[in-house]
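Accompanying notes for the structure given below.
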Amino acid sequence: MAVRVRIAPSPTGLLHIGTASTALFNWLFARHEGGEFRLRIENTDTSREVAEAVDQIQDSLRWLGLDWDGPVTFQLDRMDDCRRLAEQLVAEGKAYEDEGAIRFRMPDEGVTAWDDVVRGRVEVRNETIEDLVIVRSDGRPTYNFASPLEDVWDGITHVIRGDDHISNTPKQLNIISAVAADVPVYAHVPMIFGMDGKKLSKRHGAQAVEDFRAAGYLPETMMNFLALLGWAPDGETTIMNREELLRRFDLTRVSPSPAQFDYRKLDWMNGVYLRELPPEEFAHRLLLWLGENGYDWPAELVTRTAPLVQEKIAKLSEFPGFAGFFFGDVEPGQADLDGGAPMLAAADEALASLEPFDATAIEAALRDTADRLGLKPRQAFQPIRVAVTGSRVSPGLFESIELLGRETTLSRLRAAAGAAG
RNA sequence: GCCCCCAUCGACUAGCGGUCCAGGUCGCGGCCCUUUCAAGGCUGAAGCACGGGUUCGAAUCCCGUUGGGGGCACCA
């Protein structure tokens, strides 16, 4: 039988990174096995539904590169089918009415067990499982009733979900056997915690996929990083692109223990992917990010400055802070200019009629100037950097000056020389 | 309280009875390179939670303890 899996987020907000993680495992498994990956929206709780959520969830999934098969389905559309089945269960004595609601009769003896792909055999004594409301008094089916039924109706072969669903599993297993259907294989993948070992929440900063996108992480970084949270192909490999991930993914190697989300390692990995990009592609991603985040900077200039920062930033969001001086005026800090007046004046003179005005010539001229003033490169270039870029940290000085052009450079040099006194 | 899950360096993990005085990656320390910041090179510190078993032999298997997490809704 062909593999068919699904993720079933509820439309209560943006796609959470934990949901993205289980979506990834589902997707990797499905694609690796040549099966189907489906998207189902569990919207039976209309009171908590957020209107834009359904679109946002799909946007995030697409951004991550997780494509799904078939149309998006909605749990609410199957309410009637659920209700009919519930009534049938009542007629068969497997469920009963209770204050207007319908409750499922769980077995009182024995155990309910399954062989979990990542955890092995899990057994729960039936006496510890309470009779479950399957249809509310207002007629809407509950999650623990609708979800397993939909898995059956959709022909889901493997239910891959977060381990917070482990305690739901015996309930759902009993419901499935009550309707005499085959049970799918279950795989409960580990949850993701914040760096303090607690469930990932607002307190930890970014938690929705969109947050990471806005923070300037690449989708390929997110995919690689998330895949490694709870799974590893071996003990050596860290950087794996989409194709390699797909080729090597193995559900049975997913770890049962929860993983902490380490933002520092994420930053490192994003830097790796950023540096790996061909220069034109890097510039393209930069432009996309700038556009999505309200920057209206000239594409041509962005493209020309991009190579100067590609090796220096870990997130696209660092670009404005790092290369902003190419796009607007600077305000050098007085203290950072202190004592730099002689070099500033000498640089002004050296660059005023320099030809050609390119990085190589600029470097030669400035080094020569520094020599004549008896300054070490470090002492000589820092005031110039501050004057020209407005910051003590910048892309390569000489390349920056070339791109900035003679006119802007000289005027910034002069303004700073005046300020330095 | 009851039920369930988890347990290797600070973090992510490799390890599935001997090849491990435990390997890789991030982070951290040191050195080198260097116009700043990065990047890069070399290098160092750092771990099998504890206690019992089983076995000739245990990080690996079993039991218990401790610690962490999740669930116990007419939420999903």
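Quick note on labels: first sequence line is chain A, next is B, and so on, each numbered from 1. The structure presented is a predicted model; accordingly, all values stated were derived computationally and were not measured.
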Using whole Å, what does the distance between atom [atom2] of nucleotide [N] and atom [atom1] of [X] come to?
X: Glu236(A); N: G15(B); atom1: CD; atom2: P; answer: 10 Å
X: Arg275(A); N: A39(B); atom1: CZ; atom2: P; answer: 6 Å
X: Glu150(A); N: A76(B); atom1: CD; atom2: P; answer: 12 Å

Self-check item: Nearest-nucleotide comparison on RNA chain B, the residue closer to the 5′ end among Trp268(A) and Arg385(A)
Solution: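 Result of the comparison: Trp268(A).
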Self-check item: Residue met sooner reading RNA chain B from 5', once Ala101(A) and Gly235(A) are mapped to nucleotides
Solution: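 It is Gly235(A) whose nearest nucleotide is closer to the 5' end.
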Quiz item: Which residue pairs pass the salt bridge (charged side-chain N to carboxylate O under 4.0 Å, His left out) test with at least one member in residues 342-353 of chain A, sequence neighbours excluded?
Solution: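 Only Asp348(A)-Arg414(A) qualify under salt bridge (charged side-chain N to carboxylate O under 4.0 Å, His left out).
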Exercise. Using the C1' atom on both, measure A58(B) against C16(B) and round to a whole Å.
Key: 12 Å
Quiz prompt | Rounded distance in Å between the C1' positions of U66(B) and U54(B) | solution =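 One C1' to the other, the span is 23 Å.
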Does atom [atom1] of [X] have more than 12 heavy-atom neighbours from other groups under 6.0 Å away?
X: Arg392(A); atom1: CZ; value: no
X: Glu355(A); atom1: CD; value: yes
X: Asp329(A); atom1: CG; value: no

Self-check item: Whether Tyr186(A) and His188(A) hold their rings parallel, tilted or perpendicular, with breakpoints at 30° and 60°
Solution: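 The arrangement is parallel - the two ring planes meet at less than 30°.
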Quiz item: Which parts of nucleotides 42-49 of chain B does protein reach within less than 4.0 Å, heavy atoms only, written one letter per nucleotide 5' to 3' as B for base, S for sugar-phosphate only and - for none?
Solution: --------
Can you tell me if the side-chain N/O atoms of [X] get under 4.0 Å from OP1 or OP2 in [N]?
X: Arg253(A); N: G15(B); value: yes
X: Thr44(A); N: A76(B); value: yes
X: Arg378(A); N: U36(B); value: yes
X: Arg48(A); N: A76(B); value: no

Applying a 4.0 Å non-hydrogen cut-off, can you work out what [X] is touching in the nucleic acid: base, sugar-phosphate, or nothing?
X: Glu99(A); result: base
X: Ser257(A); result: sugar-phosphate
X: Glu311(A); result: base
X: Thr128(A); result: sugar-phosphate

Practice problem: Establish, yes or no, whether a centroid distance under 6.0 Å links the rings of Phe249(A) and Phe25(A). | Solution: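 When the ring centroids of Phe249(A) and Phe25(A) are compared, they turn out to be within the sub-6.0 Å range.
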Exercise. Flag the pair Ser147(A) / Gln75(A) as yes when at least one side-chain heavy-atom distance between them is below 4.5 Å, and no otherwise.
Key: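 Ser147(A) reaches Gln75(A) side chain to side chain.
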